[in-house]
Number of protein chains: 2
Amino acid sequence: MAGLNQLQRQTGVALWRQIADRIRDAISAGAYDETGMVPPETNLALQFGVNRHTVRSALAALAQEGIVRAVQGRGTLIERKERLNFPITRRTRFTAGIGAQAREMRGLLLDHAEERADADVARWLRLRPGTAVIRLETLRLADKRPVSCATTWFPADRFAGIDEVYRKTESITKAFAELGLPDYVRATTEITAAHADSHDISTLELTPGAILLIAKAMNTDLDGVPVQYSISRFAADRVQFTIEN
Amino acid sequence: MAGLNQLQRQTGVALWRQIADRIRDAISAGAYDETGMVPPETNLALQFGVNRHTVRSALAALAQEGIVRAVQGRGTLIERKERLNFPITRRTRFTAGIGAQAREMRGLLLDHAEERADADVARWLRLRPGTAVIRLETLRLADKRPVSCATTWFPADRFAGIDEVYRKTESITKAFAELGLPDYVRATTEITAAHADSHDISTLELTPGAILLIAKAMNTDLDGVPVQYSISRFAADRVQFTIEN
DNA sequence: TATGGTTGTCTATATCAATAGACATTTAAA
DNA sequence: TTTAAATGTCTATTGATATAGACAACCATA
């Protein structure tokens, strides 16, 4: 058992939030699978070396997230512990990749615009800066639960109207197919992690301090010509990436 | 420019720490490369919608980390902004992968033991649970700066004494070579993110609330037989992963 | 129905976090 | 040398965080 008093004080992160993060991670790791319950508040307080009220603040935050539910007289039940697997291969597709692990997959178009490529977008899409590109802001849900939100750019001349097609099909793969691109491959993926900002906190229904896995990805057609550059922000406690070489 | 008042209040994460995280990310992203300095405290206070003292707390924390240095009368200078790139391919090697981006690479052996494979280790190494394995706890540094710490398991019969060889060579690749395995390939990598626990906070010299990128990886010999399973914990603000397909 | 174990609620107190304002000190440039 | 702009320091006040203790309410079970 881990436990002990591994908490840090006076660091700008409240003890109750550190404890909430620990318990959330422990639930994800299956530490309490035997009982399906979190240990009693007094036990946790002893384990973390804090007052019971501090533990209660942590559990209240997890209850707010829908991860646990406290029942007076019985204990604190675990409501949810899943983590979706997202394979990254040459044939990475979001909907197909996650699809088998959820009953319902959706991709919502939050916003779109035609604009000029800045230096970063131009470099990834191998265009001249200033070339017209279409930007989509999308939100992906698995079983009505937000998984990631993404900003995606396409060359405007080749994929005119992709916003409307995406809104209809809710899938990049299907949108490409309708616009005359039957197949494409993942060329490059860059993965980083960061704290969620307020925009992502609200769209992904996260709590402040939550972690994002950020994937910058570039897809090409079968001739190696870039067709899509995207920055996807995943709720780190809901997904993992797998790379098979 | 981003900015605005995207900060969250009453969430258990102090404003000064949220601001410190933002500024650290902005520095990493190269937002202040033109001047090599962070904007003046009064500007930042306006941008984040907080009191100047709050910004000063954030900058003090970054100074403590050695990322910035305040000079009275001039401004706050950026001392360090690197983010190492770690390519994940079939031929992923830590030292060679990071090596070109740092002057000095080291791999320290913190601890080692021979033990029985638990269910997780046995599954990844394709052994029967209970088979003897060697576990190494290692810390990797780039230019004396901690990058990641890792727990690594090897089949004990095939790689007896790898702890001593690793301590000498400070490299898995070299240790394998000395033990009669001239080449190996990366078979699978799983990437997740989580908050750092107190152990990793101290070994990686992080601040509480810091993010880890966690890579579970399995390497095989050229016949596809697993030779190594490792769980590496990277300081997320110091590295990014790249997957080329 | 009685009991032990659990969560829920209340009061009180001390410390940290954040705001507000004023002014000193240092640097670079006019 | 003056000035503007920047960081450094101090006091004071308010709200959030954490501790402490006591007791109520509820559940499962002996």
Side-chain angles (χ1 to χ4, degrees), chain A residues 5-23 27 32 34-64 66-79 198 207-209, chain B residues 5-23 27 32 34-64 66-79 198 207-209:
Chain A
N5 64 334
Q6 347 169 296
L7 300 176
Q8 313 278 326
R9 287 159 194 263
Q10 302 172 21
T11 59
V13 182
L15 291 179
W16 64 263
R17 175 140 296 284
Q18 296 184 53
I19 293 170
D21 293 338
R22 294 284 176 78
I23 296 175
I27 291 173
Y32 309 129
E34 289 186 14
T35 59
M37 294 173 69
V38 170
E41 294 168 355
T42 45
N43 289 23
L44 290 171
L46 193 66
Q47 183 185 129
F48 287 112
V50 300
N51 192 277
R52 181 179 154 234
H53 292 298
T54 309
V55 169
R56 284 179 59 74
S57 298
L59 292 175
L62 294 177
Q64 183 69 27
I67 291 178
V68 301
R69 178 169 52 92
V71 179
Q72 190 170 17
R74 289 182 60 195
T76 303
L77 285 60
I78 294 169
E79 296 277 89
S198 69
T207 53
Chain B
N5 64 334
Q6 343 170 300
L7 298 176
Q8 310 280 325
R9 288 161 192 261
Q10 302 172 24
T11 60
V13 182
L15 292 180
W16 64 263
R17 174 140 295 286
Q18 297 183 53
I19 292 170
D21 293 338
R22 294 286 176 78
I23 296 176
I27 290 173
Y32 309 130
E34 290 187 15
T35 59
M37 294 173 69
V38 171
E41 294 169 353
T42 45
N43 288 23
L44 290 170
L46 193 68
Q47 184 185 130
F48 287 113
V50 300
N51 192 276
R52 178 177 155 234
H53 293 296
T54 309
V55 169
R56 282 180 60 76
S57 298
L59 292 175
L62 293 178
Q64 183 70 25
I67 291 177
V68 300
R69 178 169 53 91
V71 178
Q72 190 171 16
R74 290 182 59 194
T76 303
L77 284 60
I78 295 169
E79 295 276 88
S198 71
T207 51

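Here is how names work: the chains are called A, B, and so on, in the same order as the sequence lines, proteins then strands, and each is numbered from 1.
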Can you figure out which of C:dT7, C:dT19, D:dT19 approaches the side chain of B:His53 most closely?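 Minimum distance to the B:His53 side chain belongs to C:dT19.
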Side chain of A:Leu15, heavy atoms from C-beta onward: which of D:dC10, D:dT7, D:dA18 has the nearest atom to it?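 Closest of the options to the side chain of A:Leu15: D:dA18.
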In residues 34-44 of chain B, which residues come under 4.0 Å of DNA chain C by heavy atom?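 Contacting residues: none.
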Please give, in whole Å, the distance from [N] [atom2] to [X] [atom1]?
X	N	atom1	atom2	value
B:Leu77	D:dA6	CG	P	13 Å
A:Arg69	D:dC26	CZ	C1'	15 Å
A:Trp16	D:dT19	CH2	C1'	17 Å
B:Ile19	C:dT19	CD1	C1'	12 Å

Counterpart residues, side chain to side chain donor-acceptor pair (under 3.5 Å), relative to A:Gln72 (two or more places apart):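 Side chain to side chain donor-acceptor pair (under 3.5 Å) check on A:Gln72 returns nothing, list empty.
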Test of understanding: with side chain to side chain donor-acceptor pair (under 3.5 Å), list the residues that count as partners of B:Arg74, not counting sequence neighbours.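 B:Arg74: no side chain to side chain donor-acceptor pair (under 3.5 Å) contacts found.
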Any idea which heavy atoms bring [X] and [Y] closest together, and the distance?
X	Y	answer
B:Ala58	B:Ala20	CB-N, 3.6 Å
A:Ile23	A:Tyr32	CG2-CE1, 4.4 Å
B:His53	B:Asn51	N-OD1, 2.9 Å
B:Val68	B:Leu59	CG2-O, 3.8 Å

Side chain to side chain contact (heavy atoms under 4.5 Å, CB included), that's the test. Do A:Leu44 and A:Ile19 meet it? Break it down for me. CA-CA 9 Å; A:Leu44 290 171; A:Ile19 293 170; over 6 Å; no
Residues at least two apart in sequence or cross-chain that pass side-chain contact (heavy atoms from CB on, under 4.5 Å) with A:Ser57, listed by chain then number, are A:Trp16
Do A:Leu62 and A:Val38 make a side-chain contact, defined as non-hydrogen atoms from C-beta onward lying under 4.5 Å apart? no
Could you state the interatomic distance from OG1 (A:Thr76) to CZ (A:Arg69), rounded to the nearest 0.5 Å?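 Atom-to-atom, A:Thr76:OG1 and A:Arg69:CZ are 10.0 Å apart.
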For the atom pair OG1 (B:Thr54) and CG (B:Leu15), what is the distance rounded to the nearest 0.5 Å?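 Reported to 0.5 Å precision, the distance equals 6.5 Å.
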C:dT7 phosphate, OP1 or OP2: any side-chain N/O from A:Thr76 under 4.0 angstrom? yes
Would you indicate whether B:Glu79, at its atom CD, is surrounded by more than 12 heavy atoms from other residues, nucleotides or ligands within a distance under 6.0 Å? yes
Tell me which pairs pass salt bridge (charged side-chain N to carboxylate O under 4.0 Å, His left out) where either residue lies in residues 39-52 of chain B, with sequence neighbours left out.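 Sorted pair list: B:Glu41-B:Arg52, B:Glu41-B:Arg56.
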Between the axis at one end of the helix from C:dT1-D:dA30 to C:dA30-D:dT1 and the axis at the other (five pairs apiece), what's the angle to 10 degrees?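 Rounded value for the end-axis angle: 30°.
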Please list, in numerical order, the residues of residues 54-62 of chain B that have a heavy atom closer than 4.0 Å to any atom of DNA chain D. B:Arg56
Between protein and nucleotides 23-30 of chain C, map the contacts as a letter string: B base, S sugar-phosphate only, - none, heavy atoms under 4.0 Å, written 5' to 3'. --BBBS--
